[in-house]
Amino acid sequence: MAETLLLDHVIIGVPDLDDAAALLLVRHGLISLPGGEHPAWGTRNRIVPPGGCYLELVAVADAAVAETAGFGRWISAMAAGDAPWGWVVRSSDLDATAARLGLEIGSGERQRPDGVRLSWRVAGIPGDDPAERLRPFFIQWDDGTPMPGAVAVPHPAGQVVVQSVTASGTGLEQWLGSPVPIVDLVPGLGGIERVALLGDDGELVVAPPLF
């Protein structure tokens, strides 16, 4: 059986997590929660959980480590406005996804402030090639890992859900292999162009640039 794909999260690289969290709260009524650190990548994050797929704010935590990791360098470029926002697709069978595209599988983990450990496997994380940064990479969460987006949060905007995500780039249909629900693919330079959420008072649009 071919792998099935879902949108897992949108990555927003920022210079400062607290500033980004404050902006999302004031401008959009969205609360972000402390996430944790990615020790191997030199980054840390905050999570905006609408209940399913989520927004991930990521900033460099250790510049020396981030410089040695493709993900860390990508976040540095994104925070500087030199790379588009990223997106991550959850695969039901990461081994099949990686085999289809000839990708190596890596792993990652972080610990939440409450001590809960999250772990996952990934394939296709971008390096320094700008073309790689224009397309999503793939994730499969390890068994027993709680989904970061599946958290009930009292957003001032009310009960929020992600309606649609617009992404652009060339060759995305071939890269993905099958459609990803709620993701609209459009012509363009590449990366995430907008995230449309639905709150109690209607549509909320989060789009680059954040600041």
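As a basis for the values below, the full set of heavy atoms in this structure was taken, side chains included, without hydrogen atoms, waters or symmetry mates. This structure is a prediction, so every number in the text was calculated from the model and none was measured.
Heavy-atom minimum distance, His28 versus Ala157: O-CB, 3.6 Å. Taking both residues in full, the closest heavy atoms of Leu197 and Pro50 are given as CD2-CG, 4.0 Å, listed atom of the first, atom of the second, then distance. Minimum interatomic distance between Met78 and Ile11 (heavy atoms only, all atoms of both residues): SD-O, 3.6 Å. The heavy-atom pair separating Ile105 from Ala98 by the smallest distance is CG1-CB, 3.7 Å. Pairing each heavy atom of Ala167 with each of Val183, the nearest pair is CB-CG1, 4.4 Å. Looking at every heavy atom in both residues, Thr68 comes nearest to Arg73 through C-NH1, 3.4 Å.
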> Step by step, would you call Val10 with Val206 a side-chain contact (heavy atoms from CB on, under 4.5 Å)?
Replying inline: CA-CA 11 Å; Val10 171; Val206 180; over 6 Å; no
>> As a quick check of understanding, evaluate side-chain contact (heavy atoms from CB on, under 4.5 Å) for Leu30 and Val153, giving each step before the final call.
In response: CA-CA 9 Å; Leu30 297 173; Val153 174; over 6 Å; no
> Which is it for Leu101 and Phe138 under the side-chain contact (heavy atoms from CB on, under 4.5 Å) test, yes or no, and what are the steps along the way?
Replying inline: CA-CA 11 Å; Leu101 295 170; Phe138 302 91; 3.5 Å; yes
> Where do Ser91 and Glu3 land on the side chain to side chain donor-acceptor pair (under 3.5 Å) test, with the steps shown first?
Replying inline: CA-CA 6 Å; Ser91 173; Glu3 73 273 23; 5.3 Å; no
> How far apart are the C-alpha atoms of Val165 and Cys53, what are their side-chain angles, what is the distance that settles it, and do they pass the side-chain contact (heavy atoms from CB on, under 4.5 Å) test?
Replying inline: CA-CA 10 Å; Val165 171; Cys53 57; 5.7 Å; no
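Leu25 places none of its side-chain heavy atoms less than 4.5 Å from the side chain of His155. Two residues are said to be in side-chain contact when any heavy atoms from C-beta on lie closer than 4.5 Å; Val48 and Ile12 fail this criterion. With a 4.5 Å cut-off on side-chain heavy atoms, Val116 and Pro146 count as touching. Side-chain contact check for Pro181 versus Leu6: some heavy-atom pair is nearer than 4.5 Å. Residues Ile47 and Glu56 are in side-chain contact: their nearest non-hydrogen atoms beyond the backbone lie under 4.5 Å apart. Residues Thr170 and Leu134 have side chains not in contact (no heavy-atom distance under 4.5 Å, counting atoms from C-beta outward). In this structure, Asp19 and Phe211 have side chains that are in contact, with non-hydrogen atoms separated by less than 4.5 Å. At least one side-chain heavy atom of Arg121 sits under 4.5 Å from a side-chain heavy atom of Asp142.
Atoms CZ and CG, from Arg46 and Leu17 in turn, are 7.0 Å apart once rounded to the nearest 0.5 Å. In this structure, CZ in Arg117 is found 9.0 Å from CD in Gln111, a value given to the nearest 0.5 Å. Between the CE atom in Met147 and the NE2 atom in His9 there is a gap of 11.0 Å [rounded to 0.5 Å]. Interatomic distance, CZ of Arg112 versus CG of Asn45, reported as 11.5 Å (0.5 Å rounding). One distance of note links CD of Gln140 with CG of Asp93; it measures 6.5 Å at 0.5 Å rounding. The distance from the CD atom of Glu132 to the CD1 atom of Ile125 is 11.0 Å, given to the nearest 0.5 Å.
Using a 30° and 60° split on the angle between ring planes, Trp141 and Trp120 fall in the perpendicular class, above 60°. Between Phe137 and Phe71, the ring-plane angle classifies as perpendicular under the 30° and 60° cut-offs.
In the displayed structure, Glu104 atom CD is contacted under 6.0 Å by at most 12 heavy atoms of other residues, nucleotides or ligands. Residue Asp114 qualifies as enclosed at atom CG: its count of foreign heavy atoms under 6.0 Å is above 12.
Note on Val58: it clusters hydrophobically with Leu118, by side-chain heavy-atom contacts below 4.5 Å among ILVMFWY residues. Leu198 and Ile31 end up in different hydrophobic clusters when Ile, Leu, Val, Met, Phe, Trp and Tyr side chains are linked at under 4.5 Å. Each of Val65 and Ile75 belongs to its own hydrophobic cluster when Ile, Leu, Val, Met, Phe, Trp and Tyr are linked at side-chain heavy-atom distances under 4.5 angstrom. In the hydrophobic clustering of ILVMFWY residues, with side-chain heavy atoms under 4.5 Å counting as a link, Val14 and Leu33 come out apart.
Just one residue in the list Thr4, Leu185, Leu7, Leu172 forms a side-chain contact (heavy atoms from CB on, under 4.5 Å) with Val180, and that residue is Leu7.
Under the 3.5 Å distance criterion, the side-chain polar atoms of Thr145 are matched with a main-chain donor or acceptor of Ser119. Without hydrogens or angle criteria, Arg135 side chain to Gly171 main chain gives no donor-acceptor distance under 3.5 Å.
A salt bridge is defined here as a Lys NZ or Arg NE, NH1 or NH2 lying under 4.0 Å from an Asp or Glu carboxylate O, and Asp62 with Arg44 fails to meet this definition.
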